[in-house]
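Everything quoted here is computed from the prediction, not taken from an experiment. Indexing begins at 1, ligand by ligand and atom by atom, following the structure's order.
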Amino acid sequence: MADIIDGKAFAATVREKVAAHVARLKTAGITPGLAVILVGEDPASEVYVRNKGKQTLETGMNSFEHKLPADTPEAEVLTLIKRLNADPAVHGILCQLPVPDHIDESKVINAIAPEKDVDGFHISNVGLLATGQKSMVPCTPLGCLMLLRARHGSLSGLNAVVVGRSNIVGKPMATLLLKDSCTVTIAHSRTRDIEALCKRADILVAAVGRAEMITGDWVKPGATVIDVGINRVAAPERGAGKMRLVGDVDFASASAVAGAITPVPGGVGPMTIACLLANTVTACSRINGLEEPEGLTA
Ligand code: NDP
């Protein structure tokens with residue numbers, strides 16, 4: 001039976017480190033601030049934004065929420081970002097995705113000042129990360145990397161397979177693993193014989209968005225499995241109309257084969273918000289030319 005990687009507990013230690021660094025910054029007269037923009041009333045996004053705001057305040061930082069109606073014109077969102085870029089009390093800016101269809105997502109992302117881009121999605125940060133330079137690193141892959149480093153120490157020479165090639169998870173995850181000297185393969189919907197490929201992985205990261213797609217027979221005995229997926233499925237055993245969360249990995253069968261595995265919920269999810277807080281404190285330190293917190297970035 002695999003060791004369970006407790007992302008919830010690990011995220012708490014990240015938040016403690018963040019809070020300690022915030023306290024140091026405050027003695028220098030600086031309070032880090034995170035601005036979150038939410039356009040529209042998507043219920044899942046509202047929950048994320050509320051959690052982000054709450055945890056930001058709990059670590060001693062300032063939280064600025066900007067909730068805009070779904071029909072807000074793109075130009076108005078861009079104007080708000082421009083204002084936040086220039087605001088010295090704001091060190092991190094993120095726009096909760098997805099945005100409504102009439103707004104160009106990449107325009108919004110690339111309007112954020114790269115040094116305040118705590119999601120790490122700005123084209124400059126993508127380029128800096130890809131070329132091995134100091135950048136803001138996307139939160140979910142950063143959280144996965146922290147869990148993997150804690151489990152393995154060095155990742156050098158390990159065979160890593162990342163299933164999924166999105167800009168927010170799969171691609172940056174692969175870049176980070178390559179930076180840590182893994183031999184990296186990215187799999188996607190067109191990959192041939194994906195099961196055999198996954199079975200060669202010492203590190204298997206699933207970021208697909210398909211409930212329990214990866215089963216135990218895809219997993220190399222002893223491998224470390226990181227399940228990024230968050231899927232809501234019907235749970236009739238909990239009552240009519242009830243739902244539960246599952247990952248992209250079939251936990252029951254995979255945990256019988258893997259050496260270590262993240263559960264869903266309680267694995268990667270809590271790490272994502274913790275890394276957002278970590279990125280905010282890192283951004284604040286860099287913007288003010290102060291020492292960065294240790295162990296909170298790639
Ligand atoms: P996307 O939908 O953007 O990307 C999914 C990727 O999976 C694509 O590259 C797609 O391939 C690939 N894929 C789809 N079907 C298959 C298949 N049958 N076999 C192999 N590959 C396949 O998703 P995201 O990267 O945004 O998110 C992935 C999952 O992670 C989702 O469940 C999401 O909810 C979750 N998530 C969790 C976070 C957290 O904090 N824990 C944060 C962000 C996301 P192709 O490119 O060929 O279409």
query = Should Arg190 be counted as touching ligand 1, given the test is an N or O pair under 3.5 Å?
reply = no
query = Any N or O of Val268 that comes nearer than 3.5 Å to an N or O of ligand 1?
reply = no
Salt-bridge contact Glu46-Lys67 (side-chain N to carboxylate O under 4.0 Å) = no
ask   = Does ligand 1 have any atom that is closer than 4.0 Å to a heavy atom of Thr191?
value = no
task = Around atom 33 (C) of ligand 1, find the nearest protein heavy atom and jot down its residue, atom name and distance.
result = Ile230 N, 4.2 Å
key: Contact check, Gly269 vs ligand 1, heavy-atom distance below 4.0 Å   = yes
message = Can you name the atoms of ligand 1, numbered from 1 with element, that are less than 4.0 Å from a heavy atom of Thr272?
response = 39 (C), 40 (O)
Per-atom contacts, ligand 1 versus Asn231 - under 4.0 Å to a heavy atom = 32 (O)
message = Could you identify the single nearest non-hydrogen protein atom to atom 24 (P) of ligand 1 and state the distance to 0.1 Å?
response = Ser166 OG, 3.7 Å
message = Could you check whether any side-chain N or O of Ser45 sits under 3.5 Å from a backbone N or O of Glu41, counting only pairs where one atom can act as donor and the other as acceptor?
response = no
request  = State if Gly170 counts as touching ligand 1 under the rule of any non-hydrogen atom under 4.0 Å.
outcome  = no
ask   = Any donor-acceptor pair under 3.5 Å linking the side chain of His91 with the backbone of Glu115?
value = no
Main-chain N/O of Pro114 paired to Asn125 side chain as donor or acceptor, under 3.5 Å = yes
ask   = In terms of atom number and element, which parts of ligand 1 are under 4.0 angstrom from non-hydrogen atoms of Met213?
value = 17 (C), 18 (N), 19 (N)
task = Mark up the atoms of ligand 1 that fall under 4.0 Å of a heavy atom belonging to Ile194, in ascending order.
result = 20 (C)
key: Polar side-chain atom of Asn85 near backbone of Ile93 as donor-acceptor pair, under 3.5 Å   = no
query = At a non-hydrogen distance cut-off of under 4.0 Å, which region of Val228 contacts ligand 1 (side chain, backbone, both, or neither)?
reply = both
query = Counting N and O atoms only, with roles assigned by atom type, does the side chain of Thr56 sit under 3.5 Å from a partner on the main chain of Met61, one being a donor and the other an acceptor?
reply = no
key: Asp248 side chain to Val228 backbone, donor-acceptor under 3.5 Å   = no
inquiry  = Applying side chain to side chain donor-acceptor pair (under 3.5 Å), can you list everything that pairs with Asp3, at least two apart in sequence or on another chain?
reply    = Arg151
message = How far is atom 10 (C) of ligand 1 from the closest protein heavy atom, and which atom is that?
response = Ser189 N, 4.4 Å
key: Donor-acceptor under 3.5 Å (Glu212 side chain, Val246 main chain)   = no
query = Counting each atom of ligand 1 from 1 as listed, which ones have a heavy atom of Ile168 under 4.0 Å away?
reply = 26 (O)
query = Tell me: protein heavy atom nearest atom 9 (O) of ligand 1, and distance?
reply = Arg165 N, 2.8 Å
Proximity to ligand 1 by part of Met271, non-hydrogen separation under 4.0 Å = neither
ask   = Quick one: nearest non-hydrogen protein atom to atom 43 (C) of ligand 1, plus distance?
value = Val169 CG2, 3.8 Å
task = Run the numbers for me: atoms of ligand 1, each under 4.0 Å from some heavy atom of Gly164, listed by number.
result = 6 (C), 7 (O), 9 (O)
query = Would Lys107 and Glu74 pass as an ion pair if we require N to O under 4.0 Å?
reply = yes
